[in-house]
2 protein chains.
Amino acid sequence: MEDQFIKTATLIGDATRASILWNLLDGRAFTATELAVAVETSAQNISMHLGKLLEADLISVEKQGRHKYYRFSNKEVAYAVEAMVNLIPKPKVAVKKKSEEYPPIKYCRTCYDHLAGKIGVALADSLLEQKIIIEANGVFEISSEGIKWFSEFGINIEEAQKQKRIFLKPCLDWSERRNHIAGSVGAMLLNKMITEDWVRRIKDSRAVTITGKGEKELLRYFKIVV
Amino acid sequence: MEDQFIKTATLIGDATRASILWNLLDGRAFTATELAVAVETSAQNISMHLGKLLEADLISVEKQGRHKYYRFSNKEVAYAVEAMVNLIPKPKVAVKKKSEEYPPIKYCRTCYDHLAGKIGVALADSLLEQKIIIEANGVFEISSEGIKWFSEFGINIEEAQKQKRIFLKPCLDWSERRNHIAGSVGAMLLNKMITEDWVRRIKDSRAVTITGKGEKELLRYFKIVV
DNA sequence: TTCATAGTTAAATACAGACTGAACTATTCA
DNA sequence: TGAATAGTTCAGTCTGTATTTAACTATGAA
């Protein structure tokens, strides 16, 4: 078992491959060339590295015409990468200047398939404050009023519960060091916001941008001032 | 941020350091020499690697006389390592022979600070069946009868809830691919079993062995046949 | 058909970073 | 006090593996 672990660790622990994983972290699929650009290396090199990640089943491919789209092959990979992100040493004394603490909130990160960053945390806060979600002993659950709220919001909670994947879980955010909402509920929330055009994905980035409509609705539903 | 991630990844992704982390995974502290033996390398080399892990704050030291004890500096490290263990490719078709599926259950693994492996899963199953712990939407919580049960068992749940660390959470076991009980409740259970001499840690190993007393008590409390 | 783009494969090279050897300090024990 | 054990530091060597150079196949567009 140990040597298998070492194999996996050394696989992840190459600078180029780590960069690939980093770029795939938001859950989208990229072509080999896109990754080569993002990682700043040659096509041949990317090809070799993708081959290794593929063989270990950390990523999977889908062929579309002459393109090949690469993405994480499962959630565990994203979780492992996120867990490693959490190990990044915290900035020393970090006396942040309040004024330029972060880039404008309009640009917010996604974490695999759910909202993260400042807005992810704000969303979690709001849902907690509205008692739509309640926290008990470090885990999140949905209150009975919450179920009603979600259905009015256009998300079928019963549906989500049927899914095999983890339903709802707190996800520690590395930039905010606070919890936001992961699991299928987190994914459905993001999904809904995208289809309603509250937010849009920015090409080739983990960020999303908030639309004018999103701005209003976020205020209305969650009292989040963008 | 990306380059910091890459630094962390390459730090973990060296064979020797990965082996060190593997050995520290059960939560105990080891001296530099012990680790050198376990990892099968020289003292100088271990010293260098420990230095690097230390600098990144993945591990911490405690000096005791002329010995230095190394351990994970926080839970996040253990979680990240566990998450990586989960990425180990599953055995192909794996037609396991029932007879020799696993080494005798008397030898069971610990995972950082709680019971894992076959017995960890059996324990979780029993607590769930007895409705001491209930599962809802992928998370565990303790029932009101459960709280009573724990206090009779000699574990003060209110105490555990006060702790900052995660109280109770399912932890996917890589060998069983099923959940066992992690978090402070998991730790307290293991702790209680050790102080009551149901199980004993085996020197230099992640395994514990079940005592005669433990055998009886596990049957009595949890209907686990060892 | 021909050209451009996407991606792969193979051999040759280069280099970062692990490891070794030797000399050092610090603590315990006799 | 000396001898043994625990651990560190540093300069030099060595090697695994990433990268480059080059030649290849496959798909789509003109």
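The sequence lines fix the lettering, A, B, ..., with proteins before strands; numbering per chain opens at 1.
- Using a 4.0 Å cut-off, no side-chain N or O of Ser42(B) falls inside it from OP1 or OP2 of dG21(C).
- Set against dA18(C), dT27(D), dG21(C), the side chain of Arg66(A) has dT27(D) as its closest nucleotide.
- For Lys68(B) and dT27(C), the NZ to C1' distance is 12 Å, given to the nearest whole Å.
- Under the 4.0 Å criterion applied to side-chain N and carboxylate O atoms, Lys192(A) and Glu196(A) are assigned as salt-bridge partners.
- Of the candidates dA18(C), dA18(D), dA22(D), dA18(C) carries the atom nearest the Arg17(B) side chain, counting heavy atoms from C-beta on.
- When the side-chain nitrogen and oxygen atoms of Lys63(B) are compared with OP1 and OP2 of dT27(C), one or more of them lie within a distance under 4.0 Å.
- In this structure, of dT19(D), dA18(C), dT9(D), it is dT9(D) that holds the atom nearest to the side chain of Gln44(B).
- Protein atom NZ of Lys52(A) is 15 Å distant from nucleotide atom C1' of dT8(C), rounded to whole Å.
- Between His67(A) and the phosphate of dT5(C), there is no side-chain N or O to OP1/OP2 separation shorter than 4.0 Å.
- When each of dT8(D), dT27(D), dA18(D) is scored by its nearest atom to the side-chain atoms of Ser47(B), the top-ranked nucleotide is dT8(D).
- In this structure, Tyr221(B) and Trp198(B) have tilted ring planes: the angle between them lies in the 30° to 60° band.
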Under 3.5 Å, sequence neighbours excluded: what are the donor-acceptor pairs made by side chains of residues 37-44 of chain B?
{"residue": "Thr41(B)", "atom": "OG1", "partner": "Asn45(B)", "partner atom": "ND2", "Å": "3.0"}
{"residue": "Ser42(B)", "atom": "OG", "partner": "Gln44(B)", "partner atom": "OE1", "Å": "3.3"}
{"residue": "Ser42(B)", "atom": "OG", "partner": "Asn45(B)", "partner atom": "N", "Å": "3.2"}

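- For Asp14(A) and dA18(C), the CG to C1' distance is 15 Å, given to the nearest whole Å.
- When the side-chain nitrogen and oxygen atoms of Asn45(A) are compared with OP1 and OP2 of dT19(D), one or more of them lie within a distance under 4.0 Å.
- Taking 4.0 angstrom as the limit, Thr31(A) places none of its side-chain polar atoms (N or O) nearer than this to OP1 or OP2 of dA6(C).
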